Amino acid sequence: MATRLQFENNCEVGVFSKLTNAYCLVAIGGSENFYSAFESELADVIPIVKTSLGGTRIIGRLCAGNKNGLLVPHTTTDQELQHLRNSLPDSVVVQRIEERLSALGNCIACNDHVALAHTDLDKETEEIIADVLGVEVFRQTIAGNILVGSNCALSNRGGIVHPHTSVEDLDELSTLLQVPLVAGTVNRGSEVIGAGMTVNDWTAFCGSDTTATELSVIDSIFKLREAQPSSIVDEMRKSLIDTYV
Amino acid sequence: MSALMDQDSSGMFKVQQTIGSVVCCKCGVPMPPNAANMCVNCLRSEFDITEGLQKSIQIFYCPECGCYLQPPKTWIKAQWESRDLLSFCIKRLKNLNKVRLKNAEFVWTEPHSKRIKVKLTVQAEVLNGAVLEQSYPVEYTVRDNLCESCSRFQANPDQWVASVQLRQHVSHRRSFFYLEQLILRHDAASRAVRIKQVHQGIDFFFGNKSHADSFVDFLSKVVPIEYRQDKQLVSHDVKSSLYNYKYTYSVKICPICREDLICLPSKVSSSLGNLGPLVVCTKVSDRITLLDPRTLRCAFLDARQYWRSGFQSALTSRQLVKYSVFYVEPPVGEATVGGQKYALSYVLIARESDIGKMLTVQTHLGHILKTGDQALGYDIYGANVNDDEMDEYRLHGRLPEAILIKKCYDKERERKKGKPRAFTTKKLPMEMDESRGGRGVDPGKMENEYEEFLRDLEENPELRFNISLYKNKDYQESDETASMTDGEGAPTVPIEELLAELELSEEGEGDGEDDMDE
């Protein structure tokens, strides 16, 4: 079920959080609202870890991960690395990689089976990704944009890509990723999907600017409605009866 | 797959890209992606690019002359729903430079509703690069307001600023007929507000001093004139020191006309190289041409020279009498003066009214007179002229008894009597001066004079040079040729010289003009 929230009055939720099937990372904010929004959804299911990466709060764009592992850039401090290793479940491998392109969240888009990588990524990095995350790596562009991580949001059940993606590209990506894809927007027409929302197999979080139409698209492509028990019915009504100008 | 992959000029495979469709983020309708990712309607409902633009405005219209006011003072003439009106309306709108104007057109409104509606299509950029196009109507309220010139005209329709009072102190109006044709040909009085015919002259009224100036200039080029200019104060604006005047030009045309007989004062005669005291005026343009019939010498006097002495004619064309020519001796001398050939010879003539008395006189018309002709001339012997000098000459016997001026074509004209002429002339729109009562112009006399003027035109090709004659639609050529079989006919205007009138009819333009070759 898709939830709308804000991080310190900013709607780019995907910048300040990272959601996978096994864990969730959130940035440290002034107030606890961001964290408690995640907690209310995910508290009993997966661990929610408050962290920073390299002293910054833009953790969603700096790291890339799935249920098998987490890749952090070389700017991560040892304390942060240790904190992550301590907080995350043992099945998750946390690996710091030396890569020129350090914003791994922008360069890598992945789910539990397949990953799309920035075309200029190092060969070793690609191998590490395949190894740590346990995925098949494809170098791709989305709508002519090389920052695949920012331009798409991917889960095991579906994905949303940049709205300007052509039909042929969409088909190609869909066959590569083996999931249904749709070209859409988030946060009231923003094209940077990866930064605007974060998603896993049963839930998604978007910025509060997201319109009801976008929310319904997200719900349908990621198949979030069937993912929850029957309480979803009441929840769904809440999101559909919406006031917007 | 091969259909999707094309090879382009550089040899690389290029996949054909089809634009996909996304859902509008607000309303959910599928649409091709754009910079805002919102469908046009949602964008329009969100952003109004016509905000801050003028939607209604007042414009002023003068119903008399059909002009619209562009403040502060310019009046622009424009037709209802014309391009000029459209550009004027758009110019009146403020703030229109903030958006880009794509299209403008009129929406139909009832003309008497005093409203003009213009639909404008504008483009502006909204929200990170998306360009939105929107059309909106602008309503113009038309208010009637007479422009200054119309209001001045309404207040006093006879308003003129400059007038030219043209006078010639002679007893006939021949010069004015000729001048009228000249003016028509050169369009000199086209800007005159009023033209009024008065005793011994014509008054022209103009709305502008410069128009009157140029008219007087034109006159000085075609007839010898003397003029003075006076002005009269109409109003005076003390604060800005503006003075409004009415200007009047008093123009006098030289009283010497063609075919006049003049006895030159001795001073003038000696200044012109002892030109014989009796001279005939042969041509009046901007100079007077004086011909001495005894020596075939010519002299030219322009306006200034004439008015230095200001002599009057002794005998005018009213006093011409008919003579019969009995015998013409072979010419003694020949001369070509001013384009005209003259031949000096002795002729035996007698006055029609007094056939018994035969005279032998010298004449300059030796080239055209033949035995049996009739001629018109001045009877100096029997004339009563109020001129001391002439009496002196007569006393000393230095004056001839008669001077022939021109050949008379009355006999030939008898044949053509009642038949219409081959040409017609146009007239200036003149008002008659009704105020003078008995001294006003007599219509019968006017007709006779005009008839004589037309005969003059027929006889003298050089007179026709500067004026336009038009083909007479009622004239049939066949009549003329039938009667031409016997002998010489009266002089007529050759048909090549006539212009066809420009007829603006429903079918389009009439005949063009024939060229005059003179």
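Owing to the predicted nature of the structure, the values given are computational and were not obtained by experimental measurement. Just so we're on the same page: letters track the sequence lines, and every chain starts at 1.
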| note | Value for CD1 (B/Ile19) from CD (A/Glu168), rounded to nearest 0.5 Å, stands at 9.0 Å
| request: Please indicate whether B/Glu110 has more than 12 foreign heavy atoms, meaning atoms of other residues, nucleotides or ligands, lying under 6.0 Å from its CD. | output: yes
| remark: Honestly, the part of B/Cys42 sitting under 4.5 Å from a heavy atom of chain A is neither
| query | Considering residues, nucleotides and ligands other than B/Lys55, do more than 12 of their heavy atoms fall under 6.0 Å from its NZ? | reply | yes
| Is it the case that more than 12 heavy atoms not belonging to B/Glu51 sit under 6.0 Å from its CD atom? | no
| query | Are there more than 12 heavy atoms of other residues, nucleotides or ligands under 6.0 Å from atom CZ of B/Arg100? | reply | no
| field | Side-chain heavy atoms of A/Thr213 within contact of B/Cys25, under 4.5 Å | value | no
| message | Quick check on A/Thr185 against chain B: is it the side chain, the backbone, both or neither that has a heavy atom closer than 4.5 Å? | response | side chain
| query | Which of the residues A/Gly184, A/Ser190, A/Ser166 is involved in the greatest number of heavy-atom pairs with chain B at under 4.5 angstrom? | reply | A/Ser166
| request: Evaluate whether atom NZ of B/Lys119 has more than 12 neighbouring non-hydrogen atoms of other residues, nucleotides or ligands under 6.0 angstrom away. | output: no
| Hey, what do you get for NE2 (A/His164) to CG (B/Asn37), rounding to the nearest 0.5 Å? | 5.5 Å
| field | A/Arg188 vs B/Lys26, side-chain contact (heavy atoms from CB on, under 4.5 Å): CA-CA, chis, key distance, verdict | value | CA-CA 7 Å; A/Arg188 204 168 239 275; B/Lys26 276 186 79 176; 3.9 Å; yes
| request: With a 4.5 Å cut-off on heavy-atom pairs, point out which of B/Ser21, B/Pro33, B/Gly20, B/Gly28 contacts chain A the most. | output: B/Pro33
| Does NZ belonging to B/Lys209 count more than 12 external heavy atoms closer than 6.0 Å? | yes
